[in-house]
Participant: 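Quick one: structure below, then a few questions.
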Amino acid sequence: MQTQPLPGFRDFYPAEFAFRAHLFETWRRVCRRYGFEEFDGPPLEPLELYTAKSGEEIVGQLYNFEDKGGRSVSLRPELTPTVARMVAARAGGMKKPIRWFSIGQMFRYERQQRGRLREFFQLNCDLMGEPGPLGDAEVIALAIDLVRAFGLEADQVRVRLSDRRVLQALLRGAGLTAEQLPSAYAVIDKLERMKPEQVADIREDRDERFGPGVGARLLEVAALRGWPDVQAALAKVEGGAEAGAPFAEVLKALEAMGLAGFVDVDLTIVRGLAYYTGTVFELFDAGRSLRAIAGGGRYDELLKLLGGVDLPAVGFAIGDVVLGELLKERGLVPPAPAAIEVFVAGVTAEDQPHVLQLAHLLREAGLRVEYALRAENLGKQLKLADTRSARVAVVIGPDDRARGEVQLKDLAGKTQRAVALARVADDVKAMVADG
RNA sequence: GUGGUUGUAGCUCAAUCGGUUAGAGCGCCGGACUGUGGCUCCGGAGGUUGCGGGUUCGAUCCCCGUCAGCCACCCCA
């Protein structure tokens with residue numbers, strides 16, 4: 001029997017679980033500040049829910065199998081199809097815009113690497129039913145505040161922001177046909193990882209996918225950085241101003257929220273080739289040594305494709321793996337909370353029933369309590385209390401009992417005082433609340 | 001799926017040119033310590049050196065395979 005989990009899967013021992021809980025609790029808190037409601041769907045879905053959106057090739061990356069009823073099913077690799085399915089089923093009855101978030105475990109059958117496992121948790125946020133740019137800005141702001149809540153600021157994390165409508169207008173202006181656009185997106189997406197020779201091939205017309213001079217102009221578009229340069233380029237192409245209008249509104253809104261300092265306008269953010277129709281963004285650590293922390297954008301056609309309901313939508317996902325690595329790297333992991341607040345210790349074996357009674361009384365009062373499960377000398381019991389990071393120790397011995405009292409120890413302050421038995425719960429609560 | 005690289009105790013690491021019983025720190029368990037914790041001291045448990053094969057008188061060390069981790073590619077919803 002091996003003690004290791006399957007490749008790409010993780011065990012969460014208490015320390016790791018505490019960190020995971022910290023991520024989830026922070027995510028929930030911030031999402032609720034934006035009025036987003038939590039939901040969840042099944043971890044197992046019909047296989048076709050994914051092949052319909054991504055094609056048969058996706059099956060190679062899925063944990064799919066046939067269930068005992070002969071159905072082709074898959075563990076979920078992402079949440080968007082489930083969202084689309086659920087929203088489509090009840091879209092008519094829901095007030096728009098719909099603000100939903102979910103935290104769930106996803107599964108992808110891929111070779112694991114740093115920041116990429118076969119099992120991971122993802123926060124998925126979607127705003128549905130709003131086509132305007134303030135919806136985009138709302139979602140981008142949420143993504144930024146989600147990482148800010150962990151202590152990451154603009155010097156440590158960057159949003160790279162693009163817009164498919166802007167990119168398309170500029171590429172058409174550069175002489176690309178509608179048919180060449182997918183190839184162009186693929187090139188732009190890969191540009192950073194390409195070898196210099198490959199880039200030269202495109203610049204010097206050795207790439208047969210593009211016409212004479214087109215490759216070089218494509219690279220010029222990809223090299224644009226910052227809104228002023230993008231805006232200037234848009235002014236020179238037909239329909240450019242109209243194509244750039246929503247993007248300008250998004251930037252203006254983020255500026256008004258005071259979050260513009262996080263944003264880099266960068267048209268090389270393409271995000272796959274899939275279903276994005278407008279704004280596209282990714283969050284990265286400022287040093288760019290890790291994979292993307294989060295990614296998303298506007299996908300106005302997807303809900304119609306998957307669920308048959310015509311709703312514009314904008315959303316993103318953020319995973320626990322890359323964000324977790326960044327937080328560890330930056331020393332932003334909070335200490336795990338203590339398991340108990342109070343330790344009850346008895347001096348002699350005769351005190352044991354009183355320890356049990358007192359411990360239960362304190363538990364009834366809502367306190368987190370532990371005591372020694374067998375008779376041990378007091379020093380040893382206090383050592384355990386200390387290891388457990390208890391705030392308070394309650395010591396009860398024959399002399400105390402004779403007086404109807406117990407000793408209350410402040411374990412951090414090294415102070416101790418006698419307290420009447422009847423007052424123990426209240427006094428301990430007060431000490432714990434002082435924190 | 002392809003290529004490269006690394007695997008020694010729960011964790012971090014050591015072990016001479018291939019040499020005889022694989023060590024240390026931390027952690028864990030017990031004791032010093034039967035009315036007071038963090039310190040200290042003493043003792044103990046814990047290893048198929050990832051696994052399998054080969055070379056050798058002898059392998060943690062060299063070779064092959066395999067599994068796992070890491071890195072790059074593919075992919076990245």
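Just so it is clear, the values below take in all heavy atoms, side chains as well, and ignore hydrogens, waters and symmetry mates.
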Participant: Any donor-acceptor pair under 3.5 Å between the side chain of A:R291 and the base of B:C76?
Facilitator: yes
Participant: If you draw a 6.0 Å radius around CZ in A:R363, do more than 12 non-hydrogen atoms from other residues or ligands fall strictly inside?
Facilitator: yes
Participant: Distance criterion of 3.5 Å, no angle test: do you see the side chain of A:D400 paired donor-to-acceptor with the base of B:G35?
Facilitator: yes
Participant: Identify the nucleotide, in any strand shown, that forms a Watson-Crick or G-U wobble pair with B:C75, with both distances under 3.5 Å; if there is none, say none.
Facilitator: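 Paired with B:C75, as far as the under-3.5 Å criterion goes, is no nucleotide at all.
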Participant: Would you call the rings of A:Y299 and A:Y275 parallel, tilted or perpendicular if under 30° counts as parallel and over 60° as perpendicular?
Facilitator: perpendicular
Participant: Does B:G65 have a Watson-Crick or wobble mate here (both distances under 3.5 Å), and if so which one?
Facilitator: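 Across any shown strand, B:G65 pairs with B:C51.
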Participant: Side chain of A:P77 only, please: which of B:G37, B:A77, B:C74 is the nearest?
Facilitator: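 For the A:P77 side chain, the nearest candidate turns out to be B:A77.
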Participant: Under a 3.5 Å limit for both distances, which nucleotide forms a Watson-Crick or G-U wobble pair with B:A15, could you say?
Facilitator: none
Participant: Just N and O in the side chain of A:K409: are any of them under 4.0 Å from OP1 or OP2 of B:G35?
Facilitator: no
Participant: Between B:C71, B:G35, B:A77, which one does the side chain of A:R114 approach most closely?
Facilitator: B:C71
Participant: Side chain of A:R271 only, heavy atoms from C-beta on: which candidate in B:U40, B:G35, B:A77 is closest?
Facilitator: B:A77
Participant: On the side chain of A:R116, is there an atom forming a donor-acceptor pair with the base of B:C75 - under 3.5 Å, no angle test?
Facilitator: yes
Participant: Hey, can you tell me if A:W27 and A:F24 have their rings parallel, tilted or perpendicular (30° and 60° cut-offs)?
Facilitator: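 Rings of A:W27 and A:F24: parallel, as their planes differ by under 30°.
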